Every structure is written in structure tokens, then in C-alpha cells.
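In listed order, ligands and their atoms are each counted from 1. Quantities reported herein were computed from a predicted structural model and do not represent experimental measurements.
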Amino acid sequence: MTQTPRQVVVTGAGSGIGAAVAKRFVDNGDVVHLLDISADRLASVSADLPAAQVTTHVVDVTDHVRVAETIAEVSANGAIDVLAGCAGVFDGLAGIEQTTHELWNRVIDINLTGTFNVVKPVVESMITQRSGSIVLIGSIAASRATPDGLAYDTSKAALEGMTRRLAVDLGQYGINANLVAPGVVGTAIRATSEEILGDMVPDTNVGVGTSPELMKMLIPLQRGGTSEEVAATVFFLASAGAAYISGDVVHVDGGWIAS
Ligand SMILES: NC(=O)c1ccc[n+]([C@@H]2O[C@H](COP(=O)([O-])OP(=O)(O)OC[C@H]3O[C@@H](n4cnc5c(N)ncnc54)[C@H](O)[C@@H]3O)[C@@H](O)[C@H]2O)c1
């Protein structure tokens, strides 16, 4: 593993978990490249971070050409050491009957193909230095179907498969790949998803995260988590202490997976 300051790419860095991840690496002294589809959110997050340690890039992860250009730009001064793939949208709990082809395609395009679009050029950069850590953000939705929608559940389950294959392919280069699966985390994901996907997101608002009773019943620690708690795990998986962990899924869910 490379010592600090490392070059870190964080997608979805404009809000919630991605913003907390970016801050965690900045606090460690790393150089962090923040990517997000929203210029406003990037400006707001970066305003609180030291300018010398961050760059911001307005990028839609579904645009693989623009993603590749951005990764080439940020890796021009040195290979990328860490990728934290946090960009994602939520499908408003849409089940099979509510999931239109349009909603399905957009969620899969952003959550799954968008992740591949970033991983692909980042891996090329990491291979040049024969080291690196990839940490993707999945979800409890890969293992528990009811709290989210069909397209979302599917995209997050697929990311676990992607993580395992990346671990297999990249171990020979000293690169590890893992996935962090959060449970309920208080972020703006409904609002940002509605902004990005428009009115194709059903307005169902009954989820585990909105019901203290459900949270108490399903989550042994009886509360939602914070973006900082997820960020701490991402940071660990990209540290020297986690160098021998690869292809794994780490749940940051208050024990929900056990219940
Ligand atoms: N909040 C939760 O309870 C929870 C639980 C499990 C998993 N997750 C996952 O954590 C990740 C972060 O979610 P969050 O809760 O912090 O949400 P958030 O909405 O606060 O942050 C997500 C960020 O991703 C960005 N984004 C979305 N689509 C994009 C695109 N096409 N290109 C570039 N950027 C894009 C958004 O603009 C936003 O800034 C997501 O992958 C989400 O699925 C969240």
C-alpha cells in the first residue's frame, strides 16, 4: 500500500456517504478527487475542505467517455491509490409492478454500469503502480429485498458479484477490492434521487429508515447509522491494515444482516 498522501477518487462525493468518505481521506492528509453529477453539491462540500488537497469534477458516471477523461486528468500527476465508488440513486421502493423500463434502465445505468465506467480506467491507473484499493458501496438491499426497490436491489447485488471478480482479477497486481454494504443511513438520497431521476421515482415513503418501530425490530443496535460510520469502514478497507482483505462484503448496518 502507498503511504500518504495518497491519490483518492471518490464518486458521489457531493453528498451523504461520499462526502463523508472524501472528508475522512482529506483528514488523513490524502489528495482527494471529488466526482459528482451536481456542481452545487460539489461546491458546497469542497468549500469546507482545504483547497490544496482536493479537486472537484462535475461528472455523470453514466458518461464513460467523460469519466475516462476525468480519471486520465486526475492520474496525470500520479497513479490512483484508492477508489471509493459511492455514487448511486434509489428507486423509491418500486417493486415489479411499479418498475418501468425507464426506471430500471436509469438505476442500473447509474448504480451498476456507472460503477464499471469508473472502475475500468481507475484499474488501468492502479495496474501501472501495481497497488491500490477499490472500495465500492453496495447495500443491505443485496441481501434483504424488502427495504428497497427491484432495480436498486438488483444493482446492489450485482455490485457484490463485480467486487468478487475484481478481487480475482486484480490480486496479482497487489490491488484489493471490497464492498461496504450500509443499512439505514440518514442522507439526502431520496431528494437527490428525485432530482436526478425525476418523477419516475414512486413517492412511497414507508421504509425501514422512516419507521423507528421497524428499525428497533430489525436492527440489533436499534438505530440508523451515520455517513461517518460508513466512511470509517471505507477508510479502513483502503488502509495497510486491510491489505489482505479482498473480495469481501462488510456490512455497516447495526447488525441488521444478522437478524
Ligand atoms: N443512505 C442510505 O441509507 C444508504 C444505504 C445503503 C446504501 N447506500 C448507498 O450509498 C451510496 C451513497 O448514497 P447516499 O445515501 O450518501 O446518497 P446521497 O444522495 O446523499 O449521495 C449520493 C451522491 O451521488 C451522486 N450521484 C448520483 N447519481 C450520479 C451520477 N449519475 N453521476 C455522478 N454522481 C451521481 C448524487 O448527486 C449525490 O451527491 C449510494 O450508492 C447508495 O445506494 C445508501
Donor-acceptor pairs under 3.5 Å, side chain of residues 249-259 to any protein atom, not counting sequence neighbours: which ones?
from, atom 1, to, atom 2, distance (Å)
D253, OD1, G255, N, 2.9
D253, OD1, W256, N, 3.4
D253, OD2, I257, N, 2.8
S259, OG, L218, O, 2.8
S259, OG, W256, O, 2.9

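Sorted by chain and number, the heavy-atom contacts of ligand 1 below 4.0 Å come from G12, G14, S15, G16, I17, D36, I37, R41, V59, D60, V61, C86, A87, G88, V89, I110, I137, G138, S139, Y152, K156, P182, G183, V184, V185, T187, A188, I189, T192, I196.
Here Q222 pairs with K216 under the side chain to side chain contact (heavy atoms under 4.5 Å, CB included) rule; sequence neighbours left out.
Neither side chain, D91 nor Q98, offers a donor N or O lying under 3.5 Å from an acceptor on the other.
A salt bridge does not link E195 to R190: none of the charged nitrogens lies less than 4.0 Å from a carboxylate oxygen. Salt bridge status for R165 with E160: absent, with no side-chain N to carboxylate O gap under 4.0 Å.
The ring-ring contact (aromatic ring centres under 6.0 Å, His included) analysis of residues 219-240, with sequence neighbours excluded, yields the pairs F25-F235.
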